[in-house]
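Let me begin by presenting the structure, written as structure tokens, before commenting on it.
Keep in mind it's a predicted model, so treat the numbers as computed, not measured.
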2 protein chains.
Amino acid sequence: MSRTDYPVYLQLRDRLWDWIEDEKLSSQQKLPSERELSERFSTTRVTIRQALSQLEAEGLIFRSNRRGWFVTPERLRYDPSRDIGFTRYVTEQGFRPRTETLFKQLTEAPKWLSEATGLPEGTPVYHIFRRRYVNERGLLVEHNYINPQHCPGLLSESTDLSIWQMFKEKYNRVPDHRDIEIYPLALKGLEADSLGVNQGTAGLYIQRLSHDQEGEFLELDREYWLHDALKISVHVGGRH
Amino acid sequence: MSRTDYPVYLQLRDRLWDWIEDEKLSSQQKLPSERELSERFSTTRVTIRQALSQLEAEGLIFRSNRRGWFVTPERLRYDPSRDIGFTRYVTEQGFRPRTETLFKQLTEAPKWLSEATGLPEGTPVYHIFRRRYVNERGLLVEHNYINPQHCPGLLSESTDLSIWQMFKEKYNRVPDHRDIEIYPLALKGLEADSLGVNQGTAGLYIQRLSHDQEGEFLELDREYWLHDALKISVHVGGRH
DNA sequence: GCTCCAATCTGGTATATACCAGATTATGAG
DNA sequence: CTCATAATCTGGTATATACCAGATTGGAGC
């Protein structure tokens, strides 16, 4: 059975895991309250919270504000090397996407942006900040920094749809190559607040820097995902 | 200054962050003990630990066993789409790599492996389990599942070096295409123990499934990284 | 100098308790 | 019924305390 020298909170982690599977709790379903769980498993709320945090780190459950703990939905598969928009690949997997534009503005390239892109500091750039949902759970927020030379008047367009699409159809610009960076981090500040999660919640950062055929900067994309929301899936090599 | 309604542990997070920068604490350097910090910042050890956990989630500091808290070294850049071995890309970045083989054995393909590769269940496969260090900090453990058809006698070779290299030079096999999966998870069980970290420590999972030109299964690679150890960096598109 | 062992220091685990703020639910007025 | 409000439920924050086990340190004995 369980190792006797195994800490209580890890035993609880495993028992809760089994319990969730036994009860066949499905996606988005609510767990009993921490107080109720601590009674049911004869321990304190502090210890139960340690166990719940373990399951949260696994990605099995997630917390919602002060509403309770819920079973995490299946991870979204995501291929950052492909050029299809959020709406499309979410739909293809049978989920319901939604995008909210939180703000869009014309601003001046800050230092970090000019270093990443080669644009001179202070160059005007469009900055769009959006929140994206799958099945009404907010999974990520996204900053787009766009070279306005290639798409004048972008801000008056609707930005709840695919920017790729718009680039291609309206401005006839196609991204040619991309530099992608991915690493885990903690969500905090604006990104945590916008997603309605606690400061320090585990997240995944994805940055995509796109240039066109002439090597001109098109767009820089900074995505902050919930750590349990996605599974990156890429195919490389083969024919070429 | 700080928002008055800001929780103490978040204020501490920021003050500790500043303090680490001010003191110019460098990579691998040790922080004062939790008891000392809680006195210095006039709070309890529990609250200090919350703040430290925040910085841990950020990747700024890490804990080592019962030895203390240390400043996290710079992230290793890693391109899982390239074919160069661990030793080489670590060296290229000016770090010291080291690999330990924890075990290697001939086993039979379990269900999950046959589902992932198409091999019949029970087919013999080599299974190698290794731990990899950078500057003497263990950053990941790695399971290699290898099709023995293409490399008979592999287990008697030294497996502290590059498997790619060996495939190519000794067995004349070159991986042609790969399916890569990446997602955050919690390190636990064997992987956490092997890395000497606590159960539930944040990690990053990277899986690489490699086939050769004929579409035959060569190797499945499952890597469990510390979440703060790497930055994935990929270039896609351009000439082809 | 060395080895061995005890003391000490470290983070890890666990309990008990309290209050807060946001979210939800129940209630009662209209 | 609808709407506003009050009560309640929820997780979030914070303090105080205790003991454990592994890691490190210091000292005794050689």
Would one find a side-chain N or O of [X] under 4.0 angstrom from OP1 or OP2 of [N]?
{"X": "Thr47(A)", "N": "dT13(C)", "result": "no"}
{"X": "Arg66(A)", "N": "dC9(D)", "result": "no"}
{"X": "Ser33(A)", "N": "dT10(D)", "result": "yes"}
{"X": "Asn65(A)", "N": "dA23(C)", "result": "yes"}

With no hydrogens and no angle check, do the side chains of [X] and [Y] hold a donor and an acceptor under 3.5 Å apart?
{"X": "Glu56(A)", "Y": "Trp69(A)", "value": "no"}
{"X": "His143(B)", "Y": "Glu223(B)", "value": "no"}
{"X": "Tyr205(B)", "Y": "Arg222(B)", "value": "yes"}
{"X": "Arg132(A)", "Y": "Thr99(A)", "value": "yes"}

Whole-Å distance between [N] [atom2] and [X] [atom1]?
{"X": "Leu37(A)", "N": "dT10(D)", "atom1": "CG", "atom2": "P", "result": "10 Å"}
{"X": "Tyr6(B)", "N": "dA14(D)", "atom1": "OH", "atom2": "C1'", "result": "17 Å"}
{"X": "Gln54(B)", "N": "dA14(D)", "atom1": "CD", "atom2": "P", "result": "11 Å"}
{"X": "Glu34(B)", "N": "dT13(C)", "atom1": "CD", "atom2": "P", "result": "11 Å"}
{"X": "Glu56(A)", "N": "dG12(D)", "atom1": "CD", "atom2": "C1'", "result": "13 Å"}
{"X": "Leu31(A)", "N": "dC9(D)", "atom1": "CG", "atom2": "P", "result": "19 Å"}
{"X": "Lys30(B)", "N": "dT10(C)", "atom1": "NZ", "atom2": "P", "result": "6 Å"}
{"X": "Ile61(B)", "N": "dG11(C)", "atom1": "CD1", "atom2": "C1'", "result": "12 Å"}

Worksheet item: So which one's nearest nucleotide on DNA chain C is more toward 5', Leu10(A) or Arg67(A)?
Response: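 With Arg67(A) and Leu10(A) compared, the 5'-side residue is Leu10(A).
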Practice prompt. Using only heavy-atom distances, decide whether a donor-acceptor pair under 3.5 angstrom links the side-chain of Arg35(A) to the base of dG11(D).
Written response: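 Counting by modelled atom types and ignoring angles, a donor-acceptor contact under 3.5 Å is found here.
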Practice prompt. Let me know, please, whether Arg45(A) or Val46(B) comes out on the 5' side of the other along DNA chain D by nearest nucleotide.
Written response: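 Checking each residue's closest nucleotide, the 5'-ward one belongs to Arg45(A).
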Worksheet item: When you measure from the side chain of Trp69(A), which nucleotide among dT15(C), dG12(C), dG11(D) comes out closest?
Response: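 Selected nucleotide: dG11(D).
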Discussion item. Counting the atoms with a prime plus P, OP1 and OP2 as sugar-phosphate, which does Thr43(A) contact under 4.0 Å by heavy atoms, base, sugar-phosphate, or nothing?
Written reply: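 Sugar-phosphate: the residue Thr43(A), judged by heavy atoms under 4.0 Å, touches backbone atoms but no base.
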Item to complete: Tell me what Arg63(B) touches on the nucleic acid: a base, only sugar-phosphate, or nothing, going by heavy atoms under 4.0 Å.
Response: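 It contacts sugar-phosphate atoms only.
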Worksheet item: Does the pair Arg35(B)/Glu39(B) count as a salt bridge with the N-to-O cut at 4.0 Å?
Response: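 The answer is no: the pair does not qualify as a salt bridge.
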